[in-house]
Amino acid sequence: MAKSIMLDSQAEARRQAAKQFLQLVVAGQIDEAYQRHVDLNGKHHNSLFAEGFPALKKAMIENHVQFPNKQLLVKNVLSDGELVAVHSQIVLRPGEPSIATVHLFRFGGDKIVEMWDVGQAVPGDSPNRDGAF
């Protein structure tokens, strides 16, 4: 029973870390986000940027300059062992269509060691009345 409680608390800590990482990035506190939550020797799988977390960090800083008022609305957080998935809505500029995103993180201990992300623009005229969220 004690091991189960420890695993549950580790899973919750990882879920919170994944959310906090994204929230800090969106708030422009990118250095802090990486310092707290990322093993810079890890890797990301975003095909738009060069390999390595330092390259992704640079891109995130540039994105914050371009979209300083970006918002992140976390909808769901799931975890399975060392993996955490965060499903969210990102609004780059108020009044513009949002983006449905999923960030998948792999943790090594308490640090993110691997990351994937996918996004889909949410059309304003979608025929699906249930919406993206």
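In what follows, residues are counted from 1 in the order of the sequence shown. For the numbers below, each heavy atom of this structure counts, side chains included, while hydrogens, waters and symmetry mates do not.
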Practice task
Kindly assign one of parallel, tilted or perpendicular to the pair F53 and H44, based on the angle between their ring planes and the thresholds 30° and 60°.
Solution key: tilted
Problem - K75, NZ: over 12 other non-hydrogen atoms inside 6.0 angstrom - result: yes
Problem - Stepwise side-chain contact (heavy atoms from CB on, under 4.5 Å) check, K57 with D31 - result: CA-CA 8 Å; K57 179 180 175 184; D31 287 332; 2.9 Å; yes
Practice task
Using the side-chain contact (heavy atoms from CB on, under 4.5 Å) rule, take E96 and F67 through it: C-alpha gap first, then chi angles, then the decisive distance, then the call.
Solution key: CA-CA 12 Å; E96 290 187 1; F67 302 104; 5.5 Å; no
Problem - side-chain contact (heavy atoms from CB on, under 4.5 Å) assessment of H103 paired with F21 - result: CA-CA 11 Å; H103 289 87; F21 171 76; over 6 Å; no
Handout entry: Residue pair L83 / F105, side-chain heavy-atom distance below 4.5 Å
Key = no
Exercise for the section: Would you check if the side chain of K111 reaches a backbone N or O of Q35 as a donor-acceptor pair within less than 3.5 Å? Expected result: yes
Handout entry: Heavy-atom check, side chain of Q71 versus side chain of Q89, under 4.5 Å
Key = no
Handout entry: Euclidean distance, H37 NE2 relative to M115 CE, rounded to 0.5 Å
Key = 13.0 Å
Handout entry: Spacing of CG belonging to L92 relative to CD1 belonging to I99, to within rounding of 0.5 Å
Key = 4.0 Å
Exercise for the section: Verify the cluster assignment for V113 and L40: are they in a single hydrophobic cluster under the rule of side-chain heavy atoms below 4.5 Å apart? Expected result: no
Problem - I61 with V38, same ILVMFWY side-chain cluster at under 4.5 Å - result: yes
Practice task
First locate atom CG of L56, then atom CD of E51, and finally report the distance between them rounded to the nearest 0.5 Å.
Solution key: 11.5 Å
Exercise for the section: Go through Q23 and Q29 one step at a time and tell me if the side-chain contact (heavy atoms from CB on, under 4.5 Å) criterion holds. Expected result: CA-CA 9 Å; Q23 291 165 336; Q29 298 172 343; over 6 Å; no
Practice task
May I ask you to decide if A100's main-chain N or O and H87's side chain share a donor-acceptor pair within less than 3.5 Å?
Solution key: no
Handout entry: Shortest non-hydrogen contact between V25 and I30, atoms and distance
Key = O-CG1, 3.8 Å
Practice task
State plainly whether one hydrophobic cluster holds both I90 and L48, where clusters connect Ile, Leu, Val, Met, Phe, Trp and Tyr through side-chain heavy atoms under 4.5 angstrom apart.
Solution key: yes
Practice task
Determine yes or no for a side-chain-to-main-chain donor-acceptor pair under 3.5 angstrom, with R15 supplying the side chain and A85 the backbone.
Solution key: no
Exercise for the section: Using only heavy-atom distances, determine whether the side chains of Q16 and E12 contain a donor-acceptor pair under 3.5 Å. Expected result: yes
Problem - Closest non-hydrogen atom pair, F133 against S98 - result: CE1-OG, 4.2 Å
Handout entry: Path from V91 to V122 over hydrophobic side-chain contacts below 4.5 Å
Key = no
Exercise for the section: Give the cluster check for V118 versus M60: same hydrophobic cluster or not, with ILVMFWY residues linked at side-chain heavy-atom distances below 4.5 Å. Expected result: no
Problem - Atom pair NE2/CG of H64 and N69 - distance to nearest 0.5 Å - result: 8.0 Å
Completion exercise
In short, S88 meets V74 closest at the heavy-atom pair CB-CA, 4.0 Å
Exercise for the section: Check for a donor-acceptor pair, side chain of R106 on one end and backbone N or O of W116 on the other, with a separation under 3.5 Å. Expected result: no
Completion exercise
Heavy-atom closest pair (S79 atom, A11 atom, distance to 0.1 Å) is OG-CB, 3.9 Å
